[in-house]
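Protein chains get the first letters and strands the later ones, always in sequence-line order, with residue 1 at the start of each. Keep in mind it's a predicted model, so treat the numbers as computed, not measured.
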There are 2 protein chains.
Amino acid sequence: MVATIVDVAHKAGVSIATVSRVIHGSTLVHPTTRARVEQAMAELGYTPNVVARGLVTRRTQAIGLVITSLADPFFPPIVQAIEETALDHGYSVFLCTSSNDPAREIAVVRQLRERRVDAIIVAASRVGSLYHAHLEDIKVPLVLINNEQSGAYTYSVGTDDVAGGRLATNYLLALGHRTIGYIHGPLVKQSTQDRYRGYELTLGERGMKPDPRLVAAGDGQAAGGQKAMHELLQRQPRPTAVFCFNDATAIGALRAVRAAGLSVPGDISIIGYDDIAFAAYTEPPLTTVAQQTHELGRRAMCLVLDLLAGKEVTSITLLPQLIERDSCARCTHGE
Amino acid sequence: MVATIVDVAHKAGVSIATVSRVIHGSTLVHPTTRARVEQAMAELGYTPNVVARGLVTRRTQAIGLVITSLADPFFPPIVQAIEETALDHGYSVFLCTSSNDPAREIAVVRQLRERRVDAIIVAASRVGSLYHAHLEDIKVPLVLINNEQSGAYTYSVGTDDVAGGRLATNYLLALGHRTIGYIHGPLVKQSTQDRYRGYELTLGERGMKPDPRLVAAGDGQAAGGQKAMHELLQRQPRPTAVFCFNDATAIGALRAVRAAGLSVPGDISIIGYDDIAFAAYTEPPLTTVAQQTHELGRRAMCLVLDLLAGKEVTSITLLPQLIERDSCARCTHGE
DNA sequence: ATGAAAGCGCTAACAC
DNA sequence: GTGTTAGCGCTTTCAT
């Protein structure tokens, strides 16, 4: 049997209230008594039961973190950052994956409600609103990552994807490219629309506009990127550079270009988005628009902490950054 | 304020015991009463408080999962599988990352103790024993993944790495290679020793033995693999094939070969280990020894479930499997 | 500086 | 079938 506060109190010859006080470092306890209690705790190998504590304080010191899937390389750094920050502040995190499966999403929400988590962070862009609706009555703070839903109890931290789209497009433009394609991610995602919007806006500033023949549909994964690039390669005009929704898409695109016997960046430049861990190891290493993933997670958790501390907080937007590697080169085709 | 069992009882005009019975689907409650209670729960938006429940049942229905880091692509699939299996059985998982930092490891153990998790799964190969020692007095089942520590309260599930080493070596041998190198992972890991052992044993069966000049030290990451391969390339004899501790190492090796102006698999064959998600997308796609990562996680969680159900269980060893892609070819150098 | 006592929301005997 | 009641381990007034 695990030792309880009563055991400690008994052994130290004090009341449980006193033990509780030393646990919390209260100053109004005699040094001698404190020492006695601490020794008793040590001898008993006592560890406070935070479950019991949570029952009375109505704070579980735990948060729920729901993501779509850890298989998407974009999430691990975020999860890691959240966990680190949480641990540093005495919070634990329940990890939940929804797999974009409605049944699981429901199960996850129920689970988190039952556990009375102090807050929830959702990094599964599809439906932050679902969580919001299901959690409204329980009034737990909800922080969304890369999914701007607004409303009471909802805050978010995300990347400025329009700026990201601009960054990529401007870079390609500066390299002399004028026939620039875009491969979309899942169209339901706000992020692919925003990145496209940045591309469109930047082109517009040069008096150009997206050519539908240069835009293809991907799925946010390598397979979709490969297929989309394959299509783009047979279109007229053929793009000299392609901006991909994300790195996975770019990796697929890289493969399609190779399959066509063409080279990157010799024949065609490719730029990705996210800067996942593997981006530095593709062939050629992928030039990409980096999201500050670790920071995204850290800030989300900090937001939660502030919210829980009753502070005023506002949603946060982080700026993406261009990472130059070797998949883009100056355009050599005459204009 | 969130509704409690008392509110429901009050609203339905029954005692809390009856409400508790319908929550648990007890049969000895009148259909009419049940309906009334269920309606009250629905109207109140009532959700049982599992924290309170855990206090009395002494089962939190939560487990702790500790891994070194999510940055290592080997872990995500395992974590995902554990989470899925846990959710399916009504368990929640606290994710903890240790980052191989002793201070954090201590913090993690303390946190898990305080939370009174029902069991702990450790997938951070370095020191399962640490957890064991720190958790001994609390008597919580400990399941290790890919780390064979034995002793009371300790069970494990892992991959037969000696078999994996054999698989890789036999494959290379069958391709006609006779000058086969090995790039180690962190030497403190049992897994790199085991994989090497499989390599050694298989060579031995052909009357051969590892040539120290063909063995280099890596660090389990791309950087180390690149450096190691770079060294190997200038050794005499130069290997015609190299077995790498893991895929990350192989990816680095791939890069070193390219940097030397050589080709894979034309000049040198490379085989990895793990079959991480990215292995299919390297250039060329990586031939590798796959670990059943998802299964590793699922089985670990099942072991926990069985343990908690009081069943007899034994440790589990899974067999690796060869995944042929394009980084290995028949040896063309005369013997 | 310390103790007594009232819960937190729930389960599980035990009565009826 | 349903209700009463005694805790689970802890925090937190309120006394002293």
Least distance between heavy atoms, B:Asp118 atom then B:Gln61 atom
OD2-N, 2.8 Å
Could you tell me the separation between the OG1 atom of B:Thr97 and the CD1 atom of A:Ile82, rounded to the nearest 0.5 Å?
11.5 Å
Measure the distance from CD on A:Glu114 to C1' on C:dC10 and round it to the nearest whole Å.
13 Å
Below 4.5 Å, heavy atoms only, C-beta onward: do A:Ile63 and A:Val143 meet side chain to side chain?
no
Nearest-0.5 Å distance, NZ of residue B:Lys11 to OH of residue B:Tyr46
14.5 Å
Which residues pass the side chain to side chain contact (heavy atoms under 4.5 Å, CB included) test with B:Ile16, sequence neighbours left out?
B:Ile5, B:Val6, B:Ala9
Straight-line distance of B:Ile78 CD1 to B:Ile145 CD1, nearest 0.5 Å
5.0 Å
Nearest whole Å is fine: how far is C:dC10 C1' from B:Asp7 CG?
13 Å
Rounded distance (Å) that lies between atom C1' of C:dA5 and atom CD1 of A:Ile5:
14 Å
Apply side-chain contact (heavy atoms from CB on, under 4.5 Å) to residues B:Glu38 and B:Met41 and explain how you reach the verdict.
CA-CA 5 Å; B:Glu38 277 169 349; B:Met41 296 200 297; 4.0 Å; yes
Just to confirm, is there a sub-4.0 Å distance from OP1 or OP2 of C:dC8 to any side-chain nitrogen or oxygen of A:Arg58?
no
Separation of C:dC8 C1' from B:Arg53 CZ (nearest whole Å):
16 Å
What one should report as the nearest heavy-atom pair of A:Pro141 and A:Leu308 is CG-CD1, 3.9 Å
What are the bounds, 5' to 3', of the part of DNA chain D that sits under 4.0 Å from heavy atoms of chain A?
D:dG9 to D:dT12
For DNA chain D, which residues in residues 13-37 of chain A have a heavy atom at a distance below 4.0 Å?
A:Ile16, A:Ala17, A:Ser20, A:His24
